[in-house]
Amino acid sequence: MSSQRLSRICLPLSLPLLALLVGGCTTIAPGVPAGSTVTLALLETTDLHGNVASYDYYKLAPDASLGLERTATLIRAARAEFPNNVLLDNGDTIQGTALSDYQAVAAPLPCGETLAIYKVFNALGYDGAGVGNHDFNYGLAYLNQVTGSRFDVDGVDPARPACAGPTFPHVLANVVSVKSGQPLFRPYAIIDKPVTATGPDGQPLRATIKVGIIGFTPPTILTWDKRHLEGKVRTLGVREAAERHIPEMRAKGADLVVAISHGGLDDSDYSPTLENGSWHLARVPGVDALLIGHSHQVFPNAASTVAQFNLPGVDKAKGTVYGVPTVMASLWGKHLGVIGLRLTRKDGRWLVDKERTTVEVRPIQPAGGPAVAADGAVLPLIESEHAATIRYVKTPIGATDFRLSTYFADVGDVSAIQVVNQAQAAYLADYVKANLPAYAGLPVLSLASPFKTGSAGATDFTDVAAGRIALNNAADLYLYPNSLVGVKVDGAVLKGWLEKAAGRFNTIDPARPGEQELVNTSFAGFNFDMPTSAELRYEIDVTRPAGQRIVDLRWRGAPVAPGQEFLVATNNYRAAGGGAFPGLDGSRTVVTAPDNNRDVLIDYIKRERELRRATHGDARSWRFKRVKTAGPVVFHSAPGKTALAREAGIDNVRELRSDDRGGKGLAVYAIDLGR
């Protein structure tokens with residue numbers, strides 16, 4: 001800031017800022033003397049996935065363990081503690097709940113209305129946001145609309161006036177329009193943030209800190225949302241984009257550079273297509289703080305065993321990556337990330353005092369305690385949208401005589417998976433018969449996964465009660481708005497697919513006397529693809545290393561030959577390379593369906609009318625290879641569910657402890673691999 005003039009800053013009159021400032025404008029002193037200090041808090045939300053209300057639209061019940069309405073209470077408290085603050089969102093914001101689908105698909109949002117979650121962001125006074133991979137799931141036209149942008153890409157008219165959107169900037173530096181060669185969003189923004197600092201004489205003084213924010217998303221969006229993005233945008237590596245724009249930000253006066261990176265940490269050799277590039281981004285000169293996401297984890301966390309937090313240069317206790325203060329605030333509004341940057345004025349610049357800077361993640365529900373109260377001002381902002389969504393998801397589509405759940409999907413319960421596979425396989429078979437007769441003689445399989453396996457706690461499981469099935473239940477069974485894809489694979493690729501999926505399990509030592517964890521929690525449940533066909537059978541030998549576990553793979557009783565051909569129904573994410581499954585890179589796609597997987601499932605249930613366990617819930621293709629172990633092999637699920645395992649025909653599990661003391665409400669179960 002020039003010492004030759006006074007600056008007058010006018011702030012948006014958002015509710016939380018009004019609580020902190022008297023009036024919308026304040027006079028800034030001409031120049032900040034050396035030796036002045038200030039604490040500036042960076043507050044992060046990430047991976048909200050449309051969870052505004054503390055409500056589970058799939059179970060039609062309140063859920064105090066999640067929701068921006070409770071994160072808002074933490075935001076209010078953090079602002080009281082840190083009057084100088086910047087509130088930022090990391091992305092994966094607009095997709096993920098029935099509320100999201102209602103506004104995007106069921107009752108498309110008019111141009112003149114603001115998306116529900118952005119209404120709340122505006123009221124809370126967000127200063128900026130990044131863009132996550134799932135924000136592209138509904139297509140570029142919708143993303144353009146709800147962010148109030150004017151994308152210059154094919155399929156979007158750049159001459160049309162911008163629709164209603166948020167009152168803060170979205171930043172994204174590594175996605176570029178093919179048509180114009182320019183970034184899709186602004187790559188960065190510089191926010192003039194008025195602060196109260198402490199002068200070298202100990203007296204308070206007013207100053208302005210120019211906070212630069214720059215955003216990054218996984219370059220793999222081109223694979224995951226190929227149907228929406230191909231030929232319209234291209235991506236840059238996060239490192240290249242940072243190296244291009246950060247010097248510009250500094251040249252334009254940015255005192256600080258905050259990287260909003262929708263990606264986790266990966267120390268693999270750098271590639272411009274690396275999904276989780278934040279570890280490399282931390283080493284780009286000029287990054288003062290790093291807000292990360294995408295992985296749905298908590299960082300810092302001294303007790304974490306997650307591989308990405310145990311890499312060189314990563315301090316999981318202090319919350320730094322190569323010395324850069326770094327935070328990841330979990331998902332669904334369950335946590336608020338708080339970086340308390342301690343700044344000192346020297347040589348006309350604000351410098352970060354890394355020794356005194358703090359990094360923490362604050363939960364809305366501390367372990368063993370009640371959740372914080374919801375901010376009463378939030379839900380009224382979206383009351384009509386919330387009520388309309390509840391009405392929408394109650395639409396009946398069929399019935400079931402058994403309970404469909406994923407509590408024991410990791411040990412073989414297919415009750416919530418088989419119907420998805422049946423719907424996908426039937427669709428693909430009909431499509432091929434009608435449109436691709438050359439493939440009509442090939443066996444048709446489907447591979448689906450359990451999307452909800454407890455990673456976010458005891459309520460994070462699919463659970464559809466026996467009785468009526470409504471739209472909300474179908475959304476619980478198939479969580480994401482993927483599109484159905486058919487791929488042609490041979491026996492070798494099929495086996496490799498199943499081997500990759502079996503990475504869900506740790507390697508078990510039969511001679512070890514103590515407890516051994518069966519499930520590798522760093523391997524996402526949505527990558528545990530499995531068939532549910534009586535014609536395809538195999539065993540998983542968890543005593544073998546990953547990649548060597550699939551045993552006795554048979555089709556109709558005969559060993560599957562490496563060159564034997566199959567058609568497999570899956571989703572666009574997997575078919576195009578999502579999850580890095582060997583042989584799946586988009587080149588084997590033979591059917592790109594116009595329908596998404598969830599709609600295919602809904603139509604199937606409508607046709608079937610009633611699901612029965614004998615025909616829709618017990619066709620298990622795989623078993624663990626039997627092995628006696630010296631000590632118990634354990635896994636985690638919601639407490640008190642053993643009877644469900646029995647109903648699914650799984651009689652070799654028992655509950656050991658009702659509380660695993662992990663703070664997520666999960667119980668410890670043992671599985672007898674010898675039975």
Side-chain angles (χ1 to χ4, degrees), residues 305 405-418 447-450 453-455 461 495-534 536-554 559-560 617-662 666-675:
T305 59
S405 74
T406 58
Y407 294 111
F408 297 98
D410 282 325
V411 294
D413 179 11
V414 298
S415 61
I417 299 166
Q418 183 178 344
L447 270 67
S449 60
T453 54
S455 64
F461 292 92
K495 186 172 186 292
W497 192 337
L498 301 176
E499 288 282 11
K500 175 69 175 183
R504 175 68 174 167
F505 305 111
N506 293 312
T507 303
I508 300 301
D509 179 359
R512 182 173 164 183
E515 286 187 0
Q516 297 183 74
E517 292 283 349
L518 175 66
V519 175
N520 173 11
T521 54
S522 66
F523 189 100
F526 59 74
N527 283 329
F528 184 29
D529 289 358
M530 66 182 82
T532 51
S533 168
L536 187 71
R537 301 284 186 176
Y538 61 98
E539 292 183 326
I540 299 176
D541 187 347
V542 292
T543 68
R544 295 185 179 184
Q548 303 175 29
R549 292 174 172 164
I550 302 304
V551 179
D552 199 23
L553 177 62
R554 292 177 175 269
V560 172
D618 69 352
R620 190 175 168 190
S621 289
W622 66 275
R623 300 285 191 279
F624 290 115
K625 185 175 179 60
R626 291 182 180 179
V627 59
K628 289 289 186 182
T629 59
V633 176
V634 301
F635 65 98
H636 304 252
S637 188
K641 304 297 183 185
T642 307
L644 278 181
R646 301 287 184 269
E647 291 172 14
I650 299 171
D651 59 2
N652 61 339
V653 302
R654 60 191 174 92
E655 186 172 339
L656 290 183
R657 298 182 295 277
S658 61
D659 186 353
D660 67 2
R661 298 188 177 183
L666 296 170
V668 179
Y669 289 82
I671 178 170
D672 184 353
L673 294 176
R675 293 174 54 193

Stepwise side-chain contact (heavy atoms from CB on, under 4.5 Å) test for L666 and D659: CA-CA 6 Å; L666 296 170; D659 186 353; over 6 Å; no
Close aromatic pair by centroid cut-off 6.0 Å: W497 and F528: no
N/O donor-acceptor pair under 3.5 Å between E499 side chain and I550 backbone: yes
Any donor-acceptor N/O pair, S449 side chain to F526 backbone, under 3.5 Å: yes
Taking every non-hydrogen atom, the tightest pair across F523 and K500: CZ-O, 3.1 Å
Whether N652 side chain and D672 backbone form a donor-acceptor pair below 3.5 Å: yes
Mutual orientation of the aromatic rings belonging to F624 and F505 [parallel < 30°, tilted 30-60°, perpendicular > 60°]: perpendicular
Pairing residues for T642 by the side-chain contact (heavy atoms from CB on, under 4.5 Å) criterion, not counting sequence neighbours: R646, E655, Y669
Expected output: side-chain R620 to main-chain W622 donor-acceptor under 3.5 Å: yes
Under 3.5 Å: donor-acceptor pair, side chain of R675, backbone of D651: yes
Side-chain heavy atoms of V634 within contact of L656, under 4.5 Å: yes
Partners passing side chain to side chain donor-acceptor pair (under 3.5 Å) against D413 (at least two apart in sequence or in another chain): S415
Donor-acceptor pair, side chain of R549 and main chain of A502, under 3.5 angstrom: yes
V551 vs Y538 side-chain heavy atoms within contact, under 4.5 Å: no
Any side-chain heavy-atom pair of H636 and V668 under 4.5 Å: yes
Straight-line distance of T532 OG1 to L447 CG, nearest 0.5 Å: 8.5 Å
Over 12 foreign heavy atoms within 6.0 Å of CZ, R554: yes
Sidechain-backbone polar pair: Q418 side chain, G617 backbone, donor-acceptor under 3.5 Å: yes
Main-chain N/O of T453 paired to T406 side chain as donor or acceptor, under 3.5 Å: no
Derivation of the side-chain contact (heavy atoms from CB on, under 4.5 Å) call for R537 and D552: CA-CA 8 Å; R537 301 284 186 176; D552 199 23; over 6 Å; no
